[in-house]
Amino acid sequence: MTERIAIYPGSFDPPTLGHLDLIQRAARMFDHLIVAVAVNDVKQALFSVEEREQMLREITATFPNVEVSSFEGLTVHFARERGAIALVRGLRVVSDFEFELSMALTNQKLDPGIDTVCLMPSEPYIFLSSRGVKEITRFGGDTAPFLPPEVSARLRKRLREKG
Ligand code: ADP
């Protein structure tokens, strides 16, 4: 049987325990999972693509079937190039739904051979976002419940540097 490959695309600026929870569960569903940082010139990122890839590699090091990569352009083109059959996305709150539905339908039109699989986060991460953890860190809050320790330290450092 051919290997079932999925792509988990996102900004991951920075990766959170919510992302990691999704990675862990998607890695059980597919033979191979490619976590891919989307290079997006429009969204102003705090971390470079290389830094985000590095953090993702560190926090997924114990998952044998997870690979970290990055891509430019359309997600479905990258998925096709890598022989993937699915895109994994997270659905946290109702407000995610409209956006994810329109993206999934657009991607389906672009390439009907690639399906979108949406996973709900585990309960502690339902309101967690990269944007939220930046705010918590900026105001000196404890991010231990939301971020892998390697990421917490880097985020604190980066926000200090930025002033
Ligand atoms: P994007 O800019 O593509 O939304 P993100 O890094 O913010 O990139 O998110 C990537 C994917 O991970 C999205 O599908 C998002 O809904 C999902 N996601 C982010 N945070 C969580 C979380 N706490 N629980 C579940 N899914 C999440």
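On a predicted model such as this, the values are computed, not experimentally measured, just so you know. For ligands, and for the atoms within them, numbers begin at 1 and follow the listed sequence.
Backbone and side-chain nitrogen or oxygen atoms of S11 are examined, and one is located within less than 3.5 angstrom of a nitrogen or oxygen of ligand 1. When only interatomic distances are considered, the shortest N/O to N/O separation between G90 and ligand 1 falls below 3.5 Å. Checked against a 3.5 angstrom limit, the closest N/O atoms of L128 and ligand 1 fall inside it. Of the polar atoms of S130, none of the N or O atoms is found under 3.5 Å from an N or O of ligand 1, judged by distance alone. The shortest N or O to N or O distance between H19 and ligand 1 is below 3.5 Å. Here's the thing with F12: one of its N/O atoms is less than 3.5 angstrom from an N/O atom of ligand 1.
Residues L17 and P145 share a closest heavy-atom pair of CD1-O, 3.5 Å.
Within a 6.0 Å sphere centred on CD of E72, other residues, nucleotides and ligands contribute 12 heavy atoms or fewer. Within a 6.0 Å sphere centred on CD of E161, other residues, nucleotides and ligands contribute more than 12 heavy atoms.
Ranking the protein heavy atoms by distance from atom 17 (C) of ligand 1 puts Y8 OH, 3.6 Å first. Taking atom 24 (N) of ligand 1 as the reference point, the nearest protein heavy-atom neighbour is P121 CB, 3.2 Å. Among protein heavy atoms, atom 22 (C) of ligand 1 sits closest to R92 CD, 3.5 Å.
Counting heavy atoms from C-beta on, the side chains of V66 and V35 come closer than 4.5 Å.
A donor-acceptor contact closer than 3.5 angstrom is absent between the side chains of E50 and Q54. Residues T143 and S152 have side chains that bring a donor and an acceptor to within less than 3.5 angstrom of each other.
Within the 4.0 Å heavy-atom cutoff, F99 does not count among the residues contacting ligand 1.
Between E51 and R154 no salt bridge is recorded (no basic side-chain N to carboxylate O distance below 4.0 Å). Using a cut-off of 4.0 Å between Lys/Arg side-chain N and Asp/Glu carboxylate O, K134 and D13 are scored as salt-bridged.
Ranked by closest heavy atom to atom 3 (O) of ligand 1, the top entry among R52, R89, R25 is R89.
Residue G10 approaches ligand 1 through these ligand atoms, each under 4.0 Å from one of its heavy atoms: 3 (O), 8 (O), 10 (C). Interface of L22 with ligand 1, defined as ligand atoms under 4.0 Å from a residue heavy atom, comprises 25 (C), 26 (N).
Contacts between E100 and ligand 1, counted as non-hydrogen atom pairs separated by less than 4.0 Å, involve the side chain only.
Side chain of R57 to main chain of V68: a donor-acceptor pair is present (N/O by atom type, distance under 3.5 Å, no hydrogens or angles).
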